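Note sheet for the following structure.
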Amino acid sequence: MHQKKKLKYDEKDPKSIYEYAKKLIGQSLRDTTSAPDLHKDSHAKTVKGKFGQYLEKYYFEFENNSESRPDFEKIGLELKSNPLKKLRDGKIVAKERIILNIIDYVKIIEEDWEGSHFLSKNQFILFVMYLYEKDKNFLDFLIKYVQSWKIEGKDREIIKQDWEKIVKKIKDGKAHELSEGDTFYLGACRKGWKEGLRKQPNSNIGAPQRAFSFKQKYVNAILTRIKDAEVAIKDISEIEEEGFEGSILNKFNPFKRLEVKEIEEKLNIKLNLKSKNYYATLARRMLGVSKKKIVEFEKADVTMKIIRLRHNELPKESMSFPYFKYKDVAMQDWEESEFHSQLEKKFFLVIYKMNKDETKVRFQKAFFWNIPYEDLQEAKKVWIETKKRINDKNSENLPKKSENKVSHVRPHAKDKSDTDETPYEGEKIKKGFWLNNTYLKEQIDKNGY
DNA sequence: GCATGATCATGC
DNA sequence: GCATGATCATGC
């Protein structure tokens, strides 16, 4: 009897599968597997479908691939790889529709949507999207996106209606009349010709074989959503067990006290240290997110902020907020002000700490934070004083850090010429509200561990 | 070393 | 082209 191979991931654990799958991003099959290059001399187009097969066989090491059950059977997750292409203007789009399961005309008329074979196989998909290039060997195609996907929400309703429309046509004995134009997201596209025509129920006319597919436009819609948003929490069980806050915070545990270089190594990534968003990017990567937006934070309107502490525990910088329009402040009430609404939000603070000569930086802790009520009142004082001075034609002299323990006003502009009009004193350099670094220190000391 | 002024880098 | 988050520079 042959020995079952030990997999590099836990096939019962979605998290483990994602983590393993995500390592594909930015790499090719040649980089990530020891797949034999049997097609050295042939162009990619002659090996259609090979990418998916190789991905399953050499990366995920599937034992055997059952046609009708999801690939990661134990958790009902289907693996789908699909090609992207680059347009002349550089934009990346889906190269083609995504083919799903073949439609069994005879069996499908007995199914209902919720119990359908289609849904059981495709409602939970792990997409591996790679960049197809005409003259490249498929082993060298660059993998751009790896993301799980559920048929849910509005999409699910539309897909359900599409599915029902297709099934109704088959029930009516019109399988031979099916067309992709019948539906919106889910199409019934032709697949294969050599098989000849298939039998259909309720009619003697043979019908060409068809498969369900996500239409190209719909694949692009999926792609767009994958591009600008990614989830940190991969599985509902995490939230159930640890709570929302806990499941986010736990993601940082493995990195506590590590130096940034060590974190990069641990994550097997290489970031540009010189980039100004280096620490923010690193924080997102610790959360398992490689894109700019974090879905959970977007939905909950959580603002992530990075703070670097000096050796003496004092934040190197105060925290900036967007510049204000002098006239807005002059006219508005505190309650309707921008600064007020910004401070009402929940923050997610990621704290790094530098060594004495500031050559090394370690991740220290991360925590959710919102401003305590008393401190919001302090910020209110600063805002009201700012309003007063602008209206008193004294907008050169706005509240300094020494005037309030929580907040102050400072320039926030591109350069001296980047100005905004004051009510009475003409153009002045753009300014914004800041939270004092000394105040932040106090809050950091109180929160997290 | 700190407070404040000034500006950079990125992404939309 | 500009807003935004972040960081640098200067002067006391």
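Order of the sequence lines fixes the chain letters, A, B, ..., with proteins taken first and strands second; residue numbering starts at 1 for each chain. Computed from a prediction, not measured in an experiment: that's the story for all the values here.
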### Query
Thinking salt bridges, do A:Asp420 and A:Lys428 make one under a 4.0 Å N-O criterion?
no
### Query
Do A:Phe348 and A:Phe368 have ring centres separated by under 6.0 Å?
yes
### Query
CG of A:Leu435 versus P of B:dA3: gap in Å, rounded?
15 Å
### Query
For A:Ile92, which of A:Lys85, A:Met129, A:Lys144 qualifies under side-chain contact (heavy atoms from CB on, under 4.5 Å)?
A:Lys144
#### Entry: Toward the 5' end of DNA chain C, by each residue's nearest nucleotide, A:Glu317 or A:Thr303
A:Thr303
### Task
Could you state the atom-to-atom distance from CZ of A:Phe339 to P of C:dT4 in whole Å?
14 Å
### Summary
Side-chain contact check for A:Lys430: nearest option of B:dT4, C:dA3, C:dG5 is C:dA3
### Query
Can you check the A:Asn397 CG to B:dT4 P distance for me, whole Å?
10 Å
#### Entry: N or O in side chain of A:Lys401 less than 4.0 angstrom from B:dA3 OP1/OP2
yes
### Query
Under 6.0 Å between the ring centres of A:Tyr132 and A:Phe138?
no
### Task
Take A:Asn437 and A:Trp434, find for each the nucleotide of DNA chain B with the closest heavy atom, and name the residue whose nucleotide sits nearer the 5' end.
A:Asn437
Under-3.5 Å N/O pairs linking protein and nucleotides 10-12 of chain B:
from   : atom 1 : to       : atom 2 : distance (Å)
B:dT10 : O3'    : A:Asn277 : ND2    : 3.4

## Note on the structure
note: A:Glu313, atom CD; B:dG1, atom P; distance rounded to Å ~ 16 Å
### Task
Taking only Lys NZ, Arg NE, NH1 and NH2, and the carboxylate oxygens of Asp or Glu, determine whether A:Glu378 and A:Lys381 approach each other closer than 4.0 Å.
yes
### Task
Please report, rounded to the nearest Å, how far the P atom of C:dT4 is from the CZ atom of A:Phe433.
14 Å
### Query
Are the charged groups of A:Arg190 and A:Glu180 less than 4.0 angstrom apart, N to O?
no
### Task
Output the single nucleotide from C:dA6, C:dT7, B:dC2 whose closest atom is nearest the side chain of A:His412.
C:dA6
### Candidates C:dA6, B:dT7, C:dT7 - which lies nearest the side chain of A:Ala413
B:dT7
### Task
Apply the side-chain hydrogen bond (donor to acceptor under 3.5 Å, both in side chains) test between A:Asn437 and each candidate in A:Arg310, A:Lys316, A:Lys401; give the one that qualifies.
A:Lys401
#### Entry: C:dA3 OP1/OP2 closer than 4.0 Å to side-chain N/O of A:Tyr323
yes
### Proximity to the side chain of A:Arg410 - top-ranked nucleotide from B:dT4, C:dG5, B:dC2
B:dT4
### Task
Using whole Å, report how far CG of A:Leu271 lies from C1' of B:dA9.
16 Å
### Task
Nearest whole angstrom, please: distance from the C1' of B:dA3 to the NZ of A:Lys405.
19 Å
### Task
Identify, between A:Lys325 and A:Lys316, the residue whose nearest nucleotide on DNA chain C lies closer to the 5' end.
A:Lys325
### Task
Measure from the side chain of A:Ser402, starting at C-beta and using heavy atoms only, and say which of C:dA3, B:dT7, B:dT4 lies closest.
B:dT4
### Message
Nearest whole Å is fine: how far is B:dG5 C1' from A:Lys428 NZ?
### Response
15 Å
### Message
Just N and O in the side chain of A:Arg308: are any of them under 4.0 Å from OP1 or OP2 of C:dT7?
### Response
yes
### Message
Quick one, A:Val302 and A:Phe347 - any side-chain contact, counting heavy atoms below 4.5 Å?
### Response
no
